[in-house]
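Input: a single structure, listed below in C-alpha cells.
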Amino acid sequence: MSTGPGLGRPDRADESPDEQPSGPGGPGADEGAAAPASGGTRPESSPGTAPSGHAMWGNTTSGTAENVGYVPTNAGAQPPGSRNGPNQGESELVREALRDAKVSHETAVTALKAMAGRRDREWPRPDRCRVITIANQKGGVGKTTSSVNIAASLAMHGAQVLVVDLDPQGNASTALGVDHHAEVPSIYDVLIEDMALSDIIVPAPEIPNLFCAPATLNLAGAEIELVSKVARESRLQRALDAYDIEKFDYVLIDCPPSLGLLTVNALVGGDELLIPIQCEYYALEGLGQLIRTVDLVKAHLNQKLRVSTILLTMYDARTRLAAQVAEDVRSHFGDVVLNTVIPRSVRVSEAPSYGQSVMTYDPGSSGALAYSEAASEMAHGGAVQ
C-alpha cells in the first residue's frame, strides 16, 4: 500500500526542506532519531497505520493545525505538556476520546479526597426537610442526571439526602451504585404492596450521607396497577408521611418522562418542583403542559406545591439557540431560574457507567463544578421564593 507523500519517505529526499512537511519523520525531527527501516517502513508504525496524531494518510490532513489551516476550538484543548509532540490537526471527537481515558475513574478516590480537603465549610442546612420533585415530561433533558449530581453535591457538603427513584428505568439507582434487580425491595413495593419506606432505603456506597429508594423494572406496570388503588395519586405522600423524613435535609424525587400517575404521585408528595430544561427549542414545547398539570395538582391535591427551581441543562455556548432559550426562560420565570447553567459534558455521561455520580467520577470536570454550584445556590436559598 502506498503511504502517500509527506511522511518522511526516502523517495522525497530530492525535495527541499520547505517542501517536506514538518512533524515526526520530517526534516524537523532530531538527528539522533531512528532511521526508517528498509522499504521505507517506520519501526514504530505498521504498514497502513497513520503515525500518532495524524487523522489519515496524505498531505491534506497530516501535519500541524497551522499547516492544514485547521484551528481547533478551545473547548477540547489539552493543557500544555499533557501530550508529547506538537498539537495535530485532529477532530474534536478525537481530542475528546483522548481526554476521556479511564485515568479519571482510576483517580476518582484521590480527587474526591482532595475535593473534601478543599471544602471550607458545610453549606447551610434547611430548618426542615425539603422534599423536591424533579420533573419534566420530555425525556433526555437531564432529570436523572440532575437528581443524582445535585444530591451527591449536597451530601458531600454535610447534608443528609434521600433520592427516591420513581423512573422504571432505574437510572438514578444505577448512577448511585445501588442494586435494583427484580428481587430487590423497591419503590414499587411501597406504592403497590404498602411496604414501609424504611424497608427499601439503602445507602449509596460511594458517598456518605446519601441514600436511595431504588426502582426496579416492576415499576413499569405500576401505572396500570395504581388505577384500581385507593388514593392512587397520594400513595407516595402517605409513605413519606409514615416515614420519619425529618432525619433527612433533602428528599429528591426523580420522575419518569411522562405525566402519568407516577409523576402525579411525585408532585403530590413534594413541596417544591425543580424543572430541568434542555437549552433547545423542543424542550420548551411541553413546558406549558407541565405547568398546567402542576396547577391542577396544586388546586386539587397539594396546595403546598410550588415551582421553586428551574435548571438550564446541556448548555452549548457555541450556539446562539442555547443563549436564546436561556434568555426566554429567564424572562418568563424570573428569579426561580438558577444562575448556574449545566454545560454539555462527556464526563457527566460517562459517570453512570461506573456506578457513580460525576461528583466522584471526576470532581474537577466542568459538569461536576457546575452541578456543585447549582446545588450551592439551592442550599443557600438563591432559587427559593
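Nearest heavy atom pair, residue V163 against residue A172, reads CG1-CB, 4.4 Å. Shown here for P257 and G139, the closest heavy-atom pair between the two residues is CB-CA, 3.7 Å. Across A151 and L210, no two heavy atoms sit closer than the pair CB-CD1, 3.8 Å. Scanning both residues, P126 and D249, for their nearest heavy atoms gives CG-O, 3.4 Å. Scanning all heavy atoms of the two residues, the minimum distance from T360 to P363 falls at O-CD, 3.9 Å. Nearest heavy-atom pair across A266 and C255 is CB-SG, 3.3 Å.
No donor-acceptor pair under 3.5 Å is formed between the side chain of D165 and the backbone N or O of A213. The backbone N or O of K143 sits nowhere less than 3.5 Å from a side-chain atom of S146 that would complete a donor-acceptor pair. E377 contributes a side-chain N or O that, together with a main-chain N or O of T340, makes up a donor-acceptor pair within less than 3.5 Å. Looking only at distances, no side-chain donor or acceptor of R232 sits under 3.5 Å from a matching main-chain atom of L226. Side-chain N or O atoms of E206 include none that pairs as donor or acceptor with a backbone N or O of L176 at under 3.5 Å. N136 places a side-chain N or O within donor-acceptor distance of the main-chain N or O of P276, the cut-off being under 3.5 Å. Checking side-chain atoms of N149 against main-chain N and O of T145 turns up a donor-acceptor pair under 3.5 Å. Side-chain atoms of N302 come within 3.5 Å of backbone N or O of L267 as a donor-acceptor pair.
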Could you please spell out the steps behind the salt bridge (Lys or Arg N to Asp or Glu O under 4.0 Å) verdict for E327 and R330?
CA-CA 5 Å; E327 181 182 347; R330 293 187 189 280; over 6 Å; no
V264 vs L259, side chain to side chain contact (heavy atoms under 4.5 Å, CB included): CA-CA, chis, key distance, verdict
CA-CA 7 Å; V264 171; L259 291 178; over 6 Å; no
Assess the residue pair K229 and I192 against the criterion (side chain to side chain contact (heavy atoms under 4.5 Å, CB included)); give the C-alpha distance rounded to whole Å, side-chain angles, the decisive distance to 0.1 Å, and a yes or no.
CA-CA 8 Å; K229 296 290 183 180; I192 304 301; 4.0 Å; yes
I342 and Y315: side chain to side chain contact (heavy atoms under 4.5 Å, CB included), yes or no, with the steps?
CA-CA 6 Å; I342 308 301; Y315 185 87; over 6 Å; no
Tell me, with the steps shown, if I291 and I275 meet side chain to side chain contact (heavy atoms under 4.5 Å, CB included).
CA-CA 10 Å; I291 297 300; I275 306 176; 4.0 Å; yes
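Remark: the T313 side chain and the Q278 side chain contain no N/O donor-acceptor pair separated by less than 3.5 Å. Side-chain atoms of Q160 and N209 form a donor-acceptor pair, as typed in the model, at a separation below 3.5 Å. Inspection of the E272 and S308 side chains reveals an N or O donor paired with an N or O acceptor under 3.5 Å. A donor-acceptor contact under 3.5 angstrom links the side chains of D328 and Q324, judged on distance only. Side-chain atoms of Y188 and E225 include a donor-acceptor pair closer than 3.5 Å.
Counting heavy atoms from C-beta outward, S349 and R344 have side chains that stay 4.5 Å or more apart. Put simply, the side chain of I277 does not reach to within 4.5 Å of the side chain of L311, judged on heavy atoms. A heavy-atom distance below 4.5 Å is not found between the side chains of L166 and D254. Contact of the L219 side chain with the L262 side chain is registered, since non-hydrogen atoms from C-beta on lie closer than 4.5 Å. With contacts defined as side-chain heavy-atom distances shorter than 4.5 Å, the pair I253/L236 qualifies. Taking 4.5 Å as the limit, every side-chain heavy atom of R130 sits out of range of all side-chain heavy atoms of V251. Within the 4.5 Å cutoff, the side chain of V341 has no heavy atoms near those of the C279 side chain. Using a 4.5 Å cut-off on side-chain heavy atoms (C-beta onward), I200 and S186 make no contact.
Both V337 and L273 sit in one connected hydrophobic cluster of ILVMFWY residues. Membership requires side-chain heavy atoms under 4.5 Å apart, directly or through other members. Hydrophobic clustering keeps V164 apart from L301 (ILVMFWY residues linked when any side-chain heavy atoms are closer than 4.5 Å, directly or through intermediates). Grouping the Ile, Leu, Val, Met, Phe, Trp and Tyr side chains by contacts below 4.5 angstrom, directly or via other members, places L252 with Y371. I310 and L290 end up in the same hydrophobic cluster when Ile, Leu, Val, Met, Phe, Trp and Tyr side chains are linked at under 4.5 Å. Taking hydrophobic clusters as Ile, Leu, Val, Met, Phe, Trp and Tyr residues chained together by side-chain heavy-atom distances below 4.5 Å, V190 shares a cluster with I201.
By the 4.0 Å N-to-carboxylate-O rule, R235 lies close enough to D194 to be salt-bridged with it.
In this structure, CD1 in I187 is found 12.5 Å from CG in D167, a value given to the nearest 0.5 Å. Separating the CG atom in L369 from the CG atom in D362 is a distance of 9.0 Å, to the nearest 0.5 Å. Here CG of L197 is found 13.5 Å from CZ of R238. Values are rounded to the nearest 0.5 Å. I207 contributes atom CD1, which lies 9.0 Å from atom OG of S153 (distance to the nearest 0.5 angstrom). Note that the CG atom of N218 and the CD atom of E183 stand 9.0 Å from one another [nearest 0.5 Å]. If you take OG1 on T319 and CG on L321, they are separated by 5.5 Å, rounding to the nearest 0.5 Å.
Between F211 and F248, the ring-plane angle classifies as perpendicular under the 30° and 60° cut-offs.
With sequence neighbours excluded, no residue satisfies side chain to side chain donor-acceptor pair (under 3.5 Å) with N171. Take R128 and apply the salt bridge (Lys or Arg N to Asp or Glu O under 4.0 Å) test, not counting sequence neighbours, and it matches D271.
More than 12 heavy-atom neighbours from other residues, nucleotides or ligands sit within 6.0 angstrom of NE2 on H181. Under a cut-off of 6.0 angstrom, the local environment of CD in Q303 is sparse, with at most 12 non-hydrogen atoms contributed by other residues, nucleotides or ligands. Atom CG of L217 is surrounded by 12 or fewer heavy atoms from other residues, nucleotides or ligands within 6.0 Å.
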